[in-house]
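See structure below.
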Amino acid sequence: MASVTELNEKERATLLADRPEWELTREDKAITRTFQFGDFSEAWGFMSRVALLADTQDHHPEWFNVYAKIEITLTTHDAGGLSQRDATMARAIDKLV
């Protein structure tokens with residue numbers, strides 16, 4: 001398995017410019033986005049679609065769900081922060097909404 005490298009400052013800036021709904025968190029080592037849905041069923045369906053994407057990409061988000069609200073955090077533990085895997089996953093998640 002190839003090693004995963006952390007994004008540098010310029011690459012993080014590009015990621016945020018491309019994905020303006022996401023915010024840096026955890027001392028610039030992660031990105032997070034909050035999603036609001038009409039009800040729990042809608043939110044759960046979205047989480048299921050994200051879970052399928054995560055398995056396909058072998059890159060799994062951290063998330064928090066209360067009723068119709070979902071907060072997703074992406075980081076690459078193997079890289080010690082944000083990596084291209086997070087950028088790819090954020091892009092795929094954004095396509096679901």
Side-chain angles (χ1 to χ4, degrees):
M1 180 181 222
S3 71
V4 182
T5 60
E6 186 175 3
L7 298 178
N8 62 36
E9 187 175 336
K10 183 178 177 182
E11 291 167 327
R12 281 194 308 270
T14 299
L15 166 59
L16 292 174
D18 291 345
R19 310 259 62 91
E21 300 88 359
W22 294 82
E23 298 177 0
L24 280 175
T25 187
R26 298 185 188 169
E27 298 178 1
D28 299 345
K29 300 289 186 181
I31 53 174
T32 190
R33 180 174 176 188
T34 300
F35 299 84
Q36 185 68 46
F37 296 93
D39 58 26
F40 179 73
S41 181
E42 213 178 300
W44 188 264
F46 174 75
M47 288 176 66
S48 296
R49 291 189 303 277
V50 171
L52 293 172
L53 279 174
D55 275 346
T56 301
Q57 294 184 20
D58 193 27
H59 189 58
H60 301 85
E62 299 172 20
W63 51 22
F64 177 77
N65 166 243
V66 175
Y67 187 62
K69 179 181 173 182
I70 300 169
E71 181 181 298
I72 296 179
T73 301
L74 299 174
T75 190
T76 303
H77 300 285
D78 294 344
L82 289 167
S83 76
Q84 190 56 47
R85 288 182 175 185
D86 302 303
T88 300
M89 188 67 170
R91 187 178 313 109
I93 290 170
D94 285 351
K95 287 181 180 180
L96 294 177
V97 289

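Heavy-atom contacts from other residues, nucleotides or ligands closer than 6.0 Å to CD of Glu9 number 12 or fewer. Environment of CD in Glu42: crowded, with over 12 heavy atoms of neighbouring residues, nucleotides or ligands closer than 6.0 Å.
Within the 4.5 Å cutoff, the side chain of Arg33 has no heavy atoms near those of the Ile93 side chain. At least one side-chain heavy atom of Thr73 sits under 4.5 Å from a side-chain heavy atom of Arg26. By the 4.5 Å heavy-atom criterion applied to side chains, Ile70 and Thr34 are not counted as neighbours. At a threshold of 4.5 Å between non-hydrogen side-chain atoms, the residues Glu6 and Thr76 do not count as touching. With a 4.5 Å cut-off on side-chain heavy atoms, Asp58 and His60 count as touching. Side-chain contact between Asp94 and Trp22: present, with at least one pair of heavy atoms (C-beta onward) separated by less than 4.5 Å.
With no hydrogens or angles considered, no side-chain donor-acceptor pair links Trp44 and Asn65 at under 3.5 Å.
Put simply, OG1 on Thr75 and NZ on Lys29 are 8.5 Å apart, with the number rounded to the nearest 0.5 Å. Separating the CD atom in Glu71 from the CD atom in Glu62 is a distance of 10.0 Å, to the nearest 0.5 Å. Within the model, atoms CG of Leu7 and CG of Leu15 stand 6.5 Å from one another, a figure rounded to the nearest 0.5 Å. Remark: Glu21 CD to Ile31 CD1 distance equals 10.5 Å, nearest 0.5 Å. To the nearest 0.5 Å, atoms CD (Gln36) and CZ (Phe46) are separated by 12.0 Å. Taking CZ of Arg19 as the reference point, atom CG of Leu74 lies at 11.0 Å (rounded to 0.5 Å).
A donor-acceptor distance shorter than 3.5 angstrom exists from the side chain of Thr32 to the backbone of Ile72, with no hydrogens or angles considered. Distance alone, capped at 3.5 Å, places no donor-acceptor pair between the Gln57 side chain and the Ala54 backbone.
One hydrophobic cluster holds both Leu24 and Phe35 under the rule that ILVMFWY side chains link at heavy-atom gaps under 4.5 Å. Hydrophobic clustering (side-chain heavy atoms under 4.5 Å, transitive across Ile, Leu, Val, Met, Phe, Trp, Tyr) groups Leu16 together with Met89. Hydrophobic clustering (ILVMFWY, side-chain heavy atoms < 4.5 Å, transitive): Leu52 and Val97 are in distinct clusters.
Here the shortest heavy-atom pairing between Ala79 and Ser83 reads CB-CB, 4.2 Å. Nearest heavy-atom pair, Ala68 versus Phe40, reported as atom, atom and distance to 0.1 Å: CB-N, 4.3 Å.
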| message | Pair Trp63, Met47 - check side-chain contact (heavy atoms from CB on, under 4.5 Å), show working. | response | CA-CA 9 Å; Trp63 51 22; Met47 288 176 66; 3.7 Å; yes
| field | Trace of the side-chain contact (heavy atoms from CB on, under 4.5 Å) decision for Arg85 with Val4 | value | CA-CA 8 Å; Arg85 288 182 175 185; Val4 182; 3.7 Å; yes
